[in-house]
Amino acid sequence: METITIYVKHLIDLCGIQGAAVPYVSHTVMVIVAILLAAAAGLLCRKLLTPLLLKLTARTEVRWDDVIFNERVLNSASSIVPAIVIWGLLPMTFYDFPLIQEVLARLTAIYITVMTVRTVTVLIDSLKLLENGQRTARQQYLYSFCGVMKILIIFIAAIVVIAIILGKDPSTLFAGLGAASAILMLAFQDTIKGLVAGIRLTSNDMLHIGDWITVPSAGANGTVEEISLTMVKVRNFDNTIVTVTPQTLVDGSFQNWLGMQQREGRKQTRRLYFDFRSIRTDSTATPATPVAPSVPPASAPFVPVPDAPVPFVPVPDGSPSGPTTNITRYRRHIEEWLRQNPAVLPDKVILVRQAEATQGGCCVEFIFWLRAQDAMTYEHDTSDIMEYIIAAANDYGLRIYQQFPEQ
């Protein structure tokens, strides 16, 4: 830079400029030179070094360098280089104007601090891609760690910027933060609670990105898209976005369907109520007409007749204790029909049982497992099965209880 200053002075002498205008012209030329050098340095980094580094990382077999040294990080880092060039040229450019030099130096230092923080935050965001979207607890810890690091870096940068503006040593400001710790904890209480709640969620393996969860209190019923320190973003099945705080999930309750998604089948339990007056036995035999016993003549001697064995007559479709009812045959039919239904898992529990009766009628409970796991197929199969169950009741003379609205 000293060589450039000497050339500038010679150029001014050759131009014949003399007197009081020489310092102003000299500083103007030096400012233009500094700007051109800074722009050239930034252009060199953006157009030459960045593509070169991207090609080098693409040729390596490891993946971490592609994630960390991506185009966003390198472009953000390239924007710091011109400010560094300006910072180095300021003492030689404004050597006769110390006040302007001081102001520009502070502004340049603030710019370098801000852009450095921006580069570091972009780098931290890139670290989230190292897990490749897998649903692991390590990924959740990484997300929480990245969130805490971003907050700390922004907080430190704010202190440094304040120190630059005031012309103070940043270490003195950090030393005075002990007295303001209570205020800081109050200001960042949501972040601290979110961090603790996020650690509890991940350490207990309660939630992952991609899980299907249901949070009735928040109206959330969909897939988890993002987990951060202060919120969990859920995309509902109608494509609406619901944000829930981690503290809400920890303090309250939510339903995670991950176990159902990882295993075959979804359990279904339904109930129907039948009118008691429609339940009857299925025996068609009529009771025998009682006949008065014959009395032998008085003159005839009494001859005892040995008791004849009573022949065994099986009751059709019945139980050892007597004939079956129409609701019994209905239960057995539905149970067998569910076992043969291709939408139902035959190796899981299939049970049609009589539950506790209520004022609504005789309760029959249907328990079975469906093969379908996606919501649409699951709902269609459930509807088809229940519609047949309801329609088949009429074939057995059963009336399903329903309450008619008052006229």
Side-chain angles (χ1 to χ4, degrees), residues 214 216 221 237 255 257 259-260 263-293 307-407:
T214 303
N221 184 15
F237 294 115
Q255 191 173 12
W257 298 86
M260 180 275 298
R263 294 173 177 83
E264 186 180 12
R266 292 181 62 179
K267 186 179 179 180
Q268 181 63 274
T269 302
R270 293 296 182 95
R271 288 187 173 188
L272 289 179
Y273 294 88
F274 296 91
D275 192 343
F276 289 110
R277 293 167 294 185
S278 66
I279 301 174
R280 65 178 187 276
T281 60
D282 288 341
S283 177
T284 57
T286 56
T289 303
V291 179
D307 295 336
V310 179
F312 172 75
V313 180
V315 179
D317 194 15
S319 62
S321 60
T324 59
T325 62
N326 56 344
I327 198 168
T328 303
R329 294 196 304 114
Y330 171 73
R331 287 192 299 103
R332 294 174 181 174
H333 166 70
I334 295 300
E335 203 169 274
E336 184 61 28
W337 179 80
L338 287 173
R339 287 192 177 92
Q340 298 177 2
N341 194 310
V344 179
L345 290 172
D347 56 338
K348 296 286 187 179
V349 176
I350 298 177
L351 178 62
V352 181
R353 70 183 187 93
Q354 184 178 152
E356 183 178 357
T358 65
Q359 294 180 350
C362 180
C363 180
V364 176
E365 189 174 53
F366 307 88
I367 303 173
F368 52 92
W369 291 72
L370 293 175
R371 296 181 185 273
Q373 295 181 356
D374 60 286
M376 183 174 294
T377 308
Y378 171 78
E379 294 296 340
H380 281 306
D381 291 345
T382 302
S383 301
D384 294 341
I385 290 174
M386 292 309 301
E387 288 163 0
Y388 176 80
I389 289 175
I390 295 171
N394 188 53
D395 298 337
Y396 289 84
L398 295 170
R399 290 193 300 272
I400 298 177
Y401 175 81
Q402 58 181 352
Q403 184 177 2
F404 293 96
E406 296 181 0
Q407 298 295 333

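Sequential numbering from 1 along the given sequence is applied to the chain's residues.
Taking the ring pair (Phe, Tyr, Trp, His ring centres under 6.0 Å) definition, one finds that F276 meets it with nothing, sequence neighbours left out. With sequence neighbours excluded, the residues that form a side-chain hydrogen bond (donor to acceptor under 3.5 Å, both in side chains) with R270 are Q268. Residues passing the side-chain hydrogen bond (donor to acceptor under 3.5 Å, both in side chains) test with D381, sequence neighbours excluded: none. For H333, the side-chain hydrogen bond (donor to acceptor under 3.5 Å, both in side chains) partners two or more places apart in sequence, or in a different chain, are Y388. With sequence neighbours left out, Y378 forms a ring pair (Phe, Tyr, Trp, His ring centres under 6.0 Å) with no residue at all. The ring pair (Phe, Tyr, Trp, His ring centres under 6.0 Å) search around F274 returns Y330, not counting sequence neighbours. The side-chain hydrogen bond (donor to acceptor under 3.5 Å, both in side chains) check on D384 picks up nothing, with sequence neighbours excluded.
Looking at I327 and Y396, their side chains never come closer than 4.5 Å, going by heavy atoms from C-beta outward. A 4.5 Å side-chain heavy-atom check between I389 and M386 finds at least one atom pair inside the cut-off.
A salt bridge between E335 and R339 is present, with a side-chain N of the basic residue lying under 4.0 Å from a carboxylate O of the acidic one.
The stretch residues 385-399 participates, sequence neighbours left out, in these salt bridge (Lys or Arg N to Asp or Glu O under 4.0 Å) pairs: D275-R399.
Atom CZ in F366 sits 11.5 Å away from atom CD1 in I385 (nearest 0.5 Å). To the nearest 0.5 Å, atom CZ of residue R329 and atom OG1 of residue T281 are 11.0 Å apart.
Shown here for T377 and A372, the closest heavy-atom pair between the two residues is CG2-CB, 3.5 Å. Taking each heavy atom of S278 and N326 in turn, the nearest pair found is O-ND2, 2.9 Å. Minimum heavy-atom separation, L345 to L370: CD1-O, 4.2 Å.
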In a table with atom names and distances, give each donor-acceptor pair under 3.5 Å that connects a side chain of residues 350-361 to protein atoms at least two apart or in another chain.
from: R353; atom 1: NE; to: E365; atom 2: OE1; distance (Å): 2.8
from: R353; atom 1: NH2; to: E365; atom 2: OE1; distance (Å): 2.8
from: T358; atom 1: OG1; to: G360; atom 2: N; distance (Å): 3.1

